[in-house]
Amino acid sequence: MNDAATLLDVCDALLFDLDGTVYRGADPVPGAADAVSRARSRDTPVRFVTNNASKAPEAVVAHLAEVGVPAADDEVSTSAQAGVRLLAERIDPGARALVVGTEALADQVAAAGLTPVRTADDGVAGVVQGHSPDTAWPVLAEACLAIRAGAVWVACNEDTTLPAERGLLPGNGAMVAALRAATGAAPVVAGKPETPLLRLAADSAGSTRPLVVGDRLDTDIAGAAAADMASLAVLTGVVTPAGLLAAGPGQRPGYVAADLAALDEPACRVAVGPQDGWHIDTGGDTLTVTTAGTGDAADPMALLRALCDAAWRTGIMAARPGDDAAATALADLGLT
Ligand SMILES: [Mg+2]
């Protein structure tokens, strides 16, 4: 890689997480629309990848339009699509599949050449389970009977919670947990941090070197790591600098940035690793930070990349400043 190659140069597709990366609920993430449009102007394929199985791609496209990001239906990859693909690989064409989820999920089942049903009739070959706010005990009872009778069970995702205006609500994983408890069985899982959804998205873009971009280490970045894909963590959603320093081996992004503007920066600068402008002393039980050399000494993001590198090598997560500039940068990162 030459030193000037940007993140857009080093990948052949961008797989964007949505909430916390492109938008936050009803609000756009500042700069996200620009970043997506610059990727398009470079002919880099983009995919919007969502664990939420309750919405059809057209509904995701409609919400993206509301936050200023134009997208086409075939640029959206959902855990419903990935879950149904997993099911279709495991049961016969035309076979009955019990749907625990929305009509959008049932539509996906039908589009895959399977027969969506809502009761555990004789001959149900598979169960596909995705989030629906209408899922109640009667449909879980049908799924329980089908799974106990030997049906293949696919969960679109296992997110235990669903962020909403009023707080965290039960996610699909919570309903999956009920069936795990009642059946003793375990589903095949499509969504992040499992790999099928990310692979579906990369395949649909014809990509062999995708960059996964997201705000959560336990789903986006862990999924990328499991799928052996490069990843960029952005600070516009869930993950914090302290969370990055504490990331376990399966949840460490190769790239870290404040936001999607970094897609146009040299990849070697956005990569986690030592930085010219900062020196980190790893002796003792604290990472001691001082400014060094002639690099971007005032750049807190550069410091964060250097701290991640040091913390992940040594297991030391506590940082303290060795000079005034370091104190300012650590405070900017919320690390003091
Ligand atoms: Mg997110």
Side-chain angles (χ1 to χ4, degrees), residues 7 13-33 35-36 39 46-55 57 59-61 63-64 66-69 71 75-83 130-131 155-165 167-174 189-198 200-202 210-227 229-244 246-248 250-263:
L7 277 180
L14 291 163
L15 310 185
F16 288 111
D17 170 57
L18 289 175
D19 210 359
T21 301
V22 175
Y23 53 70
R24 282 188 287 254
D27 302 321
V29 165
V36 172
V46 300
R47 290 293 179 271
F48 301 97
V49 182
T50 175
N51 258 12
N52 189 333
S54 67
K55 286 186 193 164
V60 176
V61 166
H63 187 50
L64 282 168
E66 286 168 6
V67 296
V69 179
E75 290 178 320
V76 175
S77 299
T78 71
S79 70
Q81 295 168 332
H131 172 70
C156 293
N157 69 70
E158 283 200 293
D159 299 354
T160 50
T161 57
L162 186 73
E165 307 290 317
L168 292 178
L169 306 179
N172 194 49
V189 182
K192 302 172 282 187
E194 301 302 319
T195 60
L197 171 57
L198 289 172
L200 173 84
L211 177 68
V212 176
V213 185
D215 71 306
R216 290 190 68 130
L217 302 183
D218 59 347
T219 53
D220 306 314
I221 306 305
M229 296 174 180
S231 64
L232 164 67
V234 287
L235 299 180
T236 47
V238 169
V239 75
T240 61
L244 277 163
Q251 304 194 350
R252 293 172 178 170
Y255 303 101
V256 170
D259 54 43
L260 296 179
L263 293 172

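All values reported here derive from a predicted model rather than from experimental measurement. In what follows, every heavy atom counts, from backbone to side chain, and hydrogens, waters and symmetry copies are set aside. Ligands are counted one by one from 1 in listed order, and the atoms in each one are counted from 1 as well.
Considering CG of Leu197 and CZ of Arg47, their distance stands at 12.0 Å, rounded to 0.5 Å.
Residues Leu168 and Pro163 share a closest heavy-atom pair of CD2-CA, 3.8 Å.
Considering Val29, Val49, Val234 in turn, Val234 is the only one that fulfils the side chain to side chain contact (heavy atoms under 4.5 Å, CB included) rule with Thr21.
Lys192 has its side chain within reach of Asp17: a pair of non-hydrogen atoms, C-beta onward, lies under 4.5 Å apart.
Classified by interplanar angle (parallel below 30°, tilted 30° to 60°, perpendicular above 60°), the ring pair Phe16/Phe48 is parallel.
No side-chain N or O of Thr50 forms a donor-acceptor pair with one of Asn52 less than 3.5 Å apart.
For the Mg ion (ligand 1), the tally of protein N/O/S atoms lying closer than 2.8 Å stands at 3.
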